[in-house]
Amino acid sequence: MLKENEIETAIRILREPRTRMDIVYLLLLLIPIGKVVSYSTLAHILKTTPRVIARYLAMNKYAPLIPCHRVVTKRGELGGYTPGGREMKRRLLRLEGVEVQQDRVPTHVYFDCQLKQLLT
DNA sequence: CGACGAAGTCGCC
DNA sequence: GGCGACTTCGTCG
């Protein structure tokens, strides 16, 4: 169950995204359960670099309300996760049905192409 | 304002 | 598969 202030935050972001960070959060909400996207693609969409996307996600105080665990490396590695670390990230992904082996995700769970198409 | 450093990526070996 | 260079911008001084 969400806390009241979390709900308020979510609604605020949905109604009026104020920062580039908010935009990233909105994009994350488009990812279906069981799929992932790469830092690289998000960076491409926002015309910035993967490093910056990672920064935005790291600042995400609302995890896992904002599903930043669905963002992984372009080459199939898990990438980081701030509170809880890789352990937590792997667990969250598995809960959503993503098969993770040796901290890597298979290429067929990537949602990158569809996400780009949604935005054209 | 200037400097710092980070949840990545690419090219080279 | 490991290593170094490069990138961008929120935060801190």
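In what follows, chains are A, B, ... by sequence order, proteins preceding strands, each numbered from 1.
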Undergrad: Nearest to the side chain of A/Met59, heavy atoms from C-beta on, is which of B/dA7, C/dT8, C/dT11?
TA: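 From the listed options, C/dT11 comes nearest.
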Undergrad: How close do A/Tyr25 and A/Tyr56 get, heavy atom to heavy atom, and via which atoms?
TA: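 Nearest heavy atoms, A/Tyr25 then A/Tyr56: OH-O, 3.3 Å.
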Undergrad: Grab the CG-P distance between A/Leu57 and B/dG8 for me, whole Å please.
TA: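 To the nearest whole Å, that distance equals 10 Å.
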Undergrad: Once you apply the 3.5 Å cut-off to both distances, tell me the Watson-Crick or G-U wobble partner of B/dC13, or none.
TA: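 With both distances under 3.5 Å, B/dC13 matches C/dG1.
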Undergrad: Whole Å only: how far is the CD atom of A/Glu77 from the C1' atom of B/dG8?
TA: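 Going from CD in A/Glu77 over to C1' in B/dG8 covers 9 Å.
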Undergrad: Need to verify one output field. Residue with the more 5' nearest nucleotide on DNA chain B, A/Val52 or A/Ser40?
TA: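 Result: A/Val52.
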Undergrad: Is it the case that one hydrophobic cluster holds both A/Val71 and A/Met59, taking links as side-chain heavy atoms less than 4.5 Å apart, direct or via other members?
TA: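 Same hydrophobic cluster.
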Undergrad: Do A/Val52 and A/Leu46 touch side chain to side chain, with heavy atoms closer than 4.5 Å?
TA: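 Not in contact.
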Undergrad: Just to confirm, is there a sub-4.0 Å distance from OP1 or OP2 of B/dG8 to any side-chain nitrogen or oxygen of A/Ser38?
TA: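 For B/dG8, neither OP1 nor OP2 has a side-chain N or O of A/Ser38 closer than 4.0 Å.
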Undergrad: Honestly curious: do A/Val37 and A/Val72 fall in one hydrophobic cluster under the side-chain, below-4.5 Å linking rule?
TA: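 Different clusters.
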Undergrad: Is A/Thr82 touching bases, backbone alone, or none of the nucleic acid, heavy atoms closer than 4.0 Å?
TA: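 Base contact - A/Thr82 has a heavy atom under 4.0 Å of at least one base atom.
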Undergrad: Taking atom P of B/dC4 as reference, at what distance in whole Å does atom CZ of A/Arg51 sit?
TA: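 Roughly 16 Å, once rounded to whole Å.
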Undergrad: Send over the distance from A/Ile53 CD1 to B/dA6 P, rounded to a whole Å.
TA: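 Between P of B/dA6 and CD1 of A/Ile53: 18 Å.
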Undergrad: So, does A/Lys74 get its side chain near the phosphate of B/dC10, meaning an N or O under 4.0 Å from OP1 or OP2?
TA: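 Checking B/dC10 against A/Lys74, a side-chain N or O does come within under 4.0 Å of OP1 or OP2.
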Undergrad: Expressed as a whole number of angstroms, how long is the span from A/Arg55:CZ to C/dC9:P?
TA: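 So the two atoms are 10 Å apart, to the nearest Å.
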Undergrad: Rounded to the nearest angstrom, tell me the gap between atom CD1 in A/Ile45 and atom C1' in C/dT8.
TA: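 So the CD1-C1' distance, A/Ile45 to C/dT8, works out to 18 Å.
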Undergrad: Separation of A/Arg75 atom CZ from B/dA7 atom P, in whole Å?
TA: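 Rounded to the whole Å, the gap is 19 Å.
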Undergrad: Quick one: A/Tyr56 OH to C/dT11 P, roughly how many Å, whole number?
TA: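 Computing the A/Tyr56:OH to C/dT11:P distance gives 10 Å.
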Undergrad: State the pairing partner of B/dA3; accept Watson-Crick or G-U wobble contacts with both distances under 3.5 Å, and report none otherwise.
TA: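 When the pairing criteria are applied, C/dT11 turns out to be the nucleotide that pairs with B/dA3.
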Undergrad: With hydrophobic residues grouped by side-chain heavy-atom distances under 4.5 Å, do A/Leu78 and A/Leu95 end up in a single group?
TA: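 No: no chain of side-chain contacts under 4.5 Å links A/Leu78 to A/Leu95.
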